[in-house]
Amino acid sequence: MTIAITGASGQLGHLVLNALEGRTNAGNIVALVRSASKVAVKGIETREFDYTKIETLAPGLTGVETLILISSNEIGQRVTQHRNVITAAKAAGVRTILYTSVLHADTSVLSLADEHRVTEADLRLSGLSFTILRNGWYTENYTGSVGVALKGGAFIGSAGDGRISSAARADYAEALAVVATGSGHVGKVYELAGDDAWTLSDLAAEISRQTGKDIPYCNLTESDYAKALIGAGLPDGLAHAIAGWDIAASQGALFDDGRQLSALIGRPTTSLAESVAAVLKKSSE
């Protein structure tokens, strides 16, 4: 069985490659990337695959049975790009698509969910077999700001007391590998999230515990948080989007206690403490 992964050079994609290597022969894996020079893994074939270049899509899927469609990172362009891939998959004879959606996409108040809902509908209408993996938040979305918090003396956000059931990217990558190489997953929708929910205050407390420094959580209004992010150098649109996602988190959009992710991968998800420790270790190297 040939398994192809879109976005194979991305933060999630390269972890999926690693996870698949532990479950199937490298010769069964195809890495799909915009530029073939971006991925160089011994034994794994790399093919050009650009969501916006329709002529690259069907040829890139030749001989592929299972396609892992990692959602595009171009917000606002995702519906068209994903639709291009689904159309090409049908033309190339792909049997099954595994799609990375967002947690509770059907009811989520996250602005990100709108495009995911459309792609999920497109998959259902495509005639192809599919599995939808609705990924919760990556812990790295927040731990990536640990260094900034240490420098500034506080962790800032606008999520209030919202509980965040995050997991490490590697956990979600392993789930994709399990589904891609296993059976009994066709037609299923998985709500994937971390085992233990936490708040941004909990994250600040964990940073404080591990560093021995007093790093409080400072909750800001949505507009003030967006201004702070813009001041830190983020583009205006992205800053407002991130602040809006925190507001959605305060409303429960990132919480789930179903533990479907740990059930799929057969182990507990990576804890917040482990993720913080990994960031601090990396920063000290």
Are any of the side-chain heavy atoms of [X] and [Y] separated by less than 4.5 Å?
X	Y	answer
I29	T24	yes
T100	Y172	no
L280	L150	yes
E21	N18	yes
S71	R78	yes
L12	Y138	yes

Taking ILVMFWY side chains as joined if any heavy atoms are under 4.5 angstrom apart, and letting links pass through other members, which residues group with L123? V30, L32, F49, Y51, L57, L61, V64, L67, L69, V85, I86, V94, I97, Y99, L128, F130, I132, V189
In the hydrophobic cluster built from side-chain contacts under 4.5 Å, what are the other members alongside V118? V79
Indicate, with yes or no, if [Y] and [X] share a hydrophobic cluster defined by side-chain heavy-atom contacts under 4.5 Å among Ile, Leu, Val, Met, Phe, Trp and Tyr.
X	Y	result
L192	I164	no
M1	V178	yes
I265	I5	yes
L238	Y142	yes
L261	L103	no

Are K282 and E140 close enough for a salt bridge, meaning some N to O gap below 4.0 Å? no
Distance, nearest 0.5 Å, that separates [atom1] of [X] from [atom2] of [Y]:
X	Y	atom1	atom2	result
S108	R117	OG	CZ	6.5 Å
E115	H82	CD	NE2	7.5 Å
I75	L112	CD1	CG	5.0 Å
L20	T66	CG	OG1	10.0 Å
L176	L133	CG	CG	5.0 Å
S145	K151	OG	NZ	13.0 Å

Suppose the criterion is side chain to side chain donor-acceptor pair (under 3.5 Å): which pairs have a residue in residues 52-61, not counting sequence neighbours?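 For residues 52-61: D50-T52.
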For residues 152-167, which residue pairs qualify under side chain to side chain donor-acceptor pair (under 3.5 Å), counting only residues two or more places apart or in two chains? T139-S166, S166-W198
Do you know which two heavy atoms are closest between [X] and [Y], and how far apart they sit?
X	Y	answer
L110	A248	CD2-CB, 3.6 Å
I3	A180	CD1-O, 3.8 Å
S111	W245	OG-NE1, 3.0 Å
I230	A239	CG1-CB, 3.5 Å
A8	A31	CB-CB, 3.7 Å
I156	A228	CD1-CB, 3.8 Å

Check: [Y] main-chain N/O paired with [X] side-chain donor or acceptor under 3.5 Å:
X	Y	answer
T131	H185	yes
S271	E274	yes
T62	P59	yes
E48	G60	no
Y225	N219	no

Might you work through the side-chain contact (heavy atoms from CB on, under 4.5 Å) test for V146 and T211, ending with a clear yes or no? CA-CA 11 Å; V146 167; T211 62; 6.0 Å; no
Counting only pairs under 3.5 Å, give me each side-chain donor-acceptor contact of residues 201-210, with atom names and distances, residues two or more places apart or in other chains.
residue, atom, partner, partner atom, Å
D202, OD2, T199, N, 2.9
D202, OD2, T199, OG1, 3.2
E206, OE1, R209, NE, 3.4
E206, OE2, R209, NE, 3.2
E206, OE2, R209, NH2, 2.5
E206, OE2, Q210, NE2, 2.7
S208, OG, A204, O, 2.9
S208, OG, K213, O, 3.2
S208, OG, I215, N, 2.8
S208, OG, I215, O, 3.1
Q210, OE1, A277, N, 3.4
Q210, NE2, A273, O, 3.0

Residues two or more places apart in sequence or in another chain: which of them pass ring pair (Phe, Tyr, Trp, His ring centres under 6.0 Å) with H14?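 Not a single residue meets the ring pair (Phe, Tyr, Trp, His ring centres under 6.0 Å) criterion with H14.
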Do any pairs count as a salt bridge (charged side-chain N to carboxylate O under 4.0 Å, His left out) and have a residue in [range], sequence neighbours left out, and if so which ones?
range	value
residues 218-237	none
residues 123-132	E120-R124
residues 175-190	none

Whether over 12 other heavy atoms sit under 6.0 Å from Q11 CD: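 No, CD of Q11 has 12 or fewer neighbouring heavy atoms, counting only those of other groups under 6.0 Å.
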Output side-chain donor-acceptor pairs under 3.5 Å for residues 249-259, partner residues at least two apart or in another chain, one line each.
residue, atom, partner, partner atom, Å
S250, OG, I247, O, 2.5
D256, OD1, H104, NE2, 2.9
D256, OD2, G258, N, 2.9
R259, NH2, D195, O, 3.4
R259, NH2, D196, OD1, 3.3

Checking T269, N135, T270 against D171 for side-chain hydrogen bond (donor to acceptor under 3.5 Å, both in side chains), the one that qualifies is T270
Output all residues satisfying salt bridge (Lys or Arg N to Asp or Glu O under 4.0 Å) with D246, sequence neighbours left out; order by chain, then residue number. none
Qualifying residues under salt bridge (Lys or Arg N to Asp or Glu O under 4.0 Å), relative to E65, sequence neighbours excluded: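 E65: salt bridge (Lys or Arg N to Asp or Glu O under 4.0 Å) contacts with R95.
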